[in-house]
There are 2 protein chains.
Amino acid sequence: MKPALWNTLYSLAELGASQRPVKISTTQLARVIHSSQQTASRQLIQLEKTGLVERHFNVNGGWIRITENGMDELRRVYLNLKTVMEGATPTLKLEGTVFQGLQEGAYYVGQKGYRRQFTEKLGFDPYPGTLNIRLRSKADFQTRKELEAYPAILIEGFGNEHRSFGPLRCYRVTINGQVQGALMTIQRTHYDSSVVELIAPVKLREKLNLKDGDKVVVEAFISGEMPPHRT
Amino acid sequence: MKPALWNTLYSLAELGASQRPVKISTTQLARVIHSSQQTASRQLIQLEKTGLVERHFNVNGGWIRITENGMDELRRVYLNLKTVMEGATPTLKLEGTVFQGLQEGAYYVGQKGYRRQFTEKLGFDPYPGTLNIRLRSKADFQTRKELEAYPAILIEGFGNEHRSFGPLRCYRVTINGQVQGALMTIQRTHYDSSVVELIAPVKLREKLNLKDGDKVVVEAFISGEMPPHRT
DNA sequence: ATTACTAATATCCGAGTAG
DNA sequence: TCTACTCGGATATTAGTAA
């Protein structure tokens with residue numbers, strides 16, 4: 001079904017033609033769908049031909065009613081939008097304070113083996129460095145546990161001649177509602193579970209004007225499925 | 001906003017781009033929206049230009065996310081469809097049995113002063129005759145009272161040199177779920193309030209194969225507003 | 001692999017108008 | 001008035017292709 005045709009059907013529904021026949025001329029309908037009388041006429045013909053609306057005429061013009069099939073077309077879109085709007089991916093909010101880490105983030109993030117995967121799986125090449133966040137409240141510890149129960153974006157470990165690098169689990173996040181990035185849980189971290197590390201395509205300390213001790217709000221998006229990527 | 005563009009935005013939402021960036025190539029998107037890669041590309045450019053989606057690129061292709069403005073566009077349609085689907089015009093169901101009237105229906109309905117108005121306000125030229133229905137249950141009496149509390153389609157009274165004809169109140173109905181017609185309450189009827197009369201563009205007794213004593217279900221549509229008609 | 005440009009083509013739209 | 005036809009011009013789409 002052509003989008004323009006669907007749009008006309010939708011407009012008719014707005015005019016009340018879903019419940020009862022509506023008396024409307026092609027000229028009036030044309031105004032509603034922002035087209036000419038001729039186009040309105042043609043669209044009605046097509047909608048009728050495909051059984052999505054019924055019409056009958058008298059001398060003054062036509063009466064139009066959306067059929068059950070027509071309502072099905074609208075309902076299909078409605079239900080999908082409902083899923084999008086209401087069944088929205090749940091988000092988890094974490095709050096924490098910025099602190100100076102051991103400055104080793106840059107070393108890790110800068111590794112080619114990680115960077116290639118970040119770019120491929122997260123969609124950005126991270127600024128070489130991590131922002132360390134310490135969670136303060138019990139509630140935030142709890143939320144972090146909950147977050148980790150959800151499927152993560154997995155960054156595989158790898159090794160070079162000198163040493164090996166462990167796997168990472170990432171979650172997409174929005175930081176302070178402004179910057180899109182990712183939250184990482186490094187397995188072999190020096191920090192306990194009250195710490196999370198953030199990466200982003202930009203230097204977060206600069207972009208968000210952060211100093212040690214500043215509060216940061218991290219909103220994590222949980223996806224039931226992995227983002228599509230080439231296999 | 002062009003319907004085709006809205007459709008692309010909607011498809012992106014279906015793909016999950018409302019919550020997080022989605023990795024999808026123009027070729028993949030083209031398959032979803034049933035178009036060519038070139039059209040998908042062009043539509044994305046337009047959506048980005050109008051601030052409805054955000055994109056960023058890496059060597060393998062682009063990542064796409066619907067912006068707040070984009071979500072607003074989808075939400076507008078969603079809420080309208082919700083009204084259409086759920087806030088649907090309330091319907092009242094009446095059940096009654098067919099009985100032979102005084103055969104005067106044809107005389108009344110056939111009057112030019114009525115017919116002209118039926119055609120104009122109901123959208124059909126009624127078969128010259130009415131189907132008389134007697135309500136049986138208390139619940140149906142109740143429902144009839146309720147129905148009469150709603151605004152009706154008013155057929156004005158008129159007179160000729162010989163006599164005068166009273167005003168009618170009509171409601172749009174579907175009879176036995178099959179025929180669209182109208183329920184009339186004639187003010188100066190011989191019958192008490194347990195009787196309603198139905199008109200339709202066809203002879204109901206024939207079309208629905210009805211005999212005296214048969215049960216008939218009448219579903220009345222209540223419209224807060226009158227159907228649009230020329231003033 | 002991608003995205004997106006240009007040019008050729010297909011489709012759609014609306015002015016004019018008949019019935 | 002109304003609907004809906006024809007037809008030429010406008011718009012959108014795709015093929016071919018560069019980067």
Side-chain angles (χ1 to χ4, degrees), chain A residues 1-9 11-12 15 17 21-50 53-65 116-117 119-125 227-231, chain B residues 1-9 11-12 15 17 21-50 53-65 116-117 119-125 227-231:
Chain A
M1 182 176 191
K2 289 262 168 62
L5 218 58
W6 189 92
N7 180 62
T8 301
L9 191 66
S11 296
L12 286 170
L15 292 167
V22 158
K23 188 179 185 194
I24 187 169
S25 72
T26 52
T27 308
Q28 292 171 308
L29 179 59
R31 264 196 295 276
V32 176
I33 63 172
H34 300 109
S35 77
S36 65
Q37 173 272 322
Q38 291 88 336
T39 296
S41 172
R42 213 184 2 249
Q43 303 235 26
L44 284 176
I45 291 168
Q46 287 176 50
L47 285 172
E48 193 178 19
K49 213 181 281 178
T50 47
V53 308
E54 286 172 0
R55 298 206 285 171
H56 59 274
F57 296 91
N58 58 41
V59 283
N60 306 312
W63 290 73
I64 304 169
R65 199 177 75 98
R116 213 195 50 249
Q117 292 186 71
T119 305
E120 173 68 18
K121 297 180 181 173
L122 293 173
F124 63 85
D125 185 20
H229 67 273
R230 198 152 315 289
T231 50
Chain B
M1 183 176 192
K2 289 261 169 61
L5 218 58
W6 189 91
N7 180 63
T8 301
L9 191 65
S11 297
L12 287 170
L15 293 167
V22 159
K23 189 179 183 195
I24 187 169
S25 71
T26 52
T27 307
Q28 291 170 308
L29 179 59
R31 265 197 295 277
V32 176
I33 63 172
H34 301 107
S35 76
S36 66
Q37 173 272 322
Q38 293 86 337
T39 294
S41 171
R42 193 161 26 76
Q43 303 232 25
L44 284 177
I45 291 168
Q46 287 176 51
L47 285 172
E48 193 178 18
K49 214 182 282 180
T50 48
V53 309
E54 286 171 1
R55 299 207 283 171
H56 59 273
F57 297 92
N58 59 40
V59 285
N60 306 314
W63 292 72
I64 303 168
R65 197 177 76 97
R116 213 195 50 247
Q117 291 185 72
T119 306
E120 171 69 18
K121 297 180 181 175
L122 294 172
F124 62 86
D125 185 21
H229 66 273
R230 198 153 314 290
T231 48

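Lettering follows sequence order; numbering is per chain, from 1.
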Whole-Å distance between [N] [atom2] and [X] [atom1]?
| X | N | atom1 | atom2 | value |
| --- | --- | --- | --- | --- |
| B:H34 | D:dT14 | NE2 | C1' | 17 Å |
| B:Q43 | C:dA4 | CD | C1' | 14 Å |
| B:L47 | C:dT3 | CG | P | 14 Å |
| A:Q37 | C:dA18 | CD | C1' | 13 Å |
| B:W63 | C:dT2 | CH2 | C1' | 15 Å |
| A:F57 | D:dT1 | CZ | C1' | 15 Å |
| B:L44 | C:dC5 | CG | C1' | 16 Å |
| B:R31 | D:dT14 | CZ | P | 14 Å |

With respect to the phosphate group of C:dT3, does any side-chain polar atom (N or O) of B:T26 fall under 4.0 Å of OP1 or OP2?
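Yes, because at least one side-chain N or O of B:T26 sits under 4.0 Å from OP1 or OP2 of C:dT3.
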Is the phosphate of D:dT14 approached by B:T39 (side-chain N or O, under 4.0 Å from OP1 or OP2)?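 For D:dT14, OP1 or OP2 has a side-chain N or O of B:T39 closer than 4.0 Å.
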Of the listed nucleotides [options], the one nearest the side chain of [X]:
| X | options | answer |
| --- | --- | --- |
| A:Q38 | C:dA4, D:dA4, C:dA15 | C:dA15 |
| A:I45 | D:dC5, C:dA4, C:dG14 | D:dC5 |
| B:S36 | C:dG14, D:dT14, D:dC2 | D:dT14 |

Applying salt bridge (charged side-chain N to carboxylate O under 4.0 Å, His left out), can you list everything that pairs with A:R42, at least two apart in sequence or on another chain?
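So A:R42 forms no salt bridge (charged side-chain N to carboxylate O under 4.0 Å, His left out) with any residue.
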* Between A:E54 and A:I64, does a side-chain contact (heavy atoms from CB on, under 4.5 Å) hold up when you go through it step by step? -> CA-CA 6 Å; A:E54 286 172 0; A:I64 304 169; over 6 Å; no
task: Evaluate the side-chain proximity of A:T39 to A:T26: yes if any heavy-atom separation is below 4.5 Å, no if none is.
output: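 Heavy-atom side-chain distance check fails, nothing below 4.5 Å.
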*Approximate separation, where rounding is to 0.5 Å, of B:E48 CD and B:Q46 CD*: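 It is 11.5 Å, given to the nearest 0.5 Å.
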- Find the distance between CZ (B:R55) and CG (B:L44) and round it off to the nearest 0.5 Å.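 B:R55 CZ to B:L44 CG: 4.5 Å, rounded to 0.5 Å.
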Name all residues meeting the side-chain contact (heavy atoms from CB on, under 4.5 Å) criterion together with [X]; count only those two or more places apart in sequence or in a different chain, and write none if there are none.
| X | answer |
| --- | --- |
| B:R116 | none |
| A:Q38 | A:S36 |
| B:T27 | B:S25, B:R31, B:Q37 |

_Working note: A:V53 + A:R65, criterion side-chain contact (heavy atoms from CB on, under 4.5 Å); need CA distance, chi angles, decisive distance, verdict._
CA-CA 6 Å; A:V53 308; A:R65 199 177 75 98; over 6 Å; no
* **Axis bend over the full length of the helix from C:dT2-D:dA19 to C:dG19-D:dC2, computed from five pairs that close each end, to 10 degrees** =>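 Helix axis angle between the two ends: 40°.
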Whether each nucleotide of nucleotides 7-12 of chain D has a protein heavy atom under 4.0 Å at its base (B), only at its sugar-phosphate (S) or at neither (-) is summarised, 5' to 3', as -----S
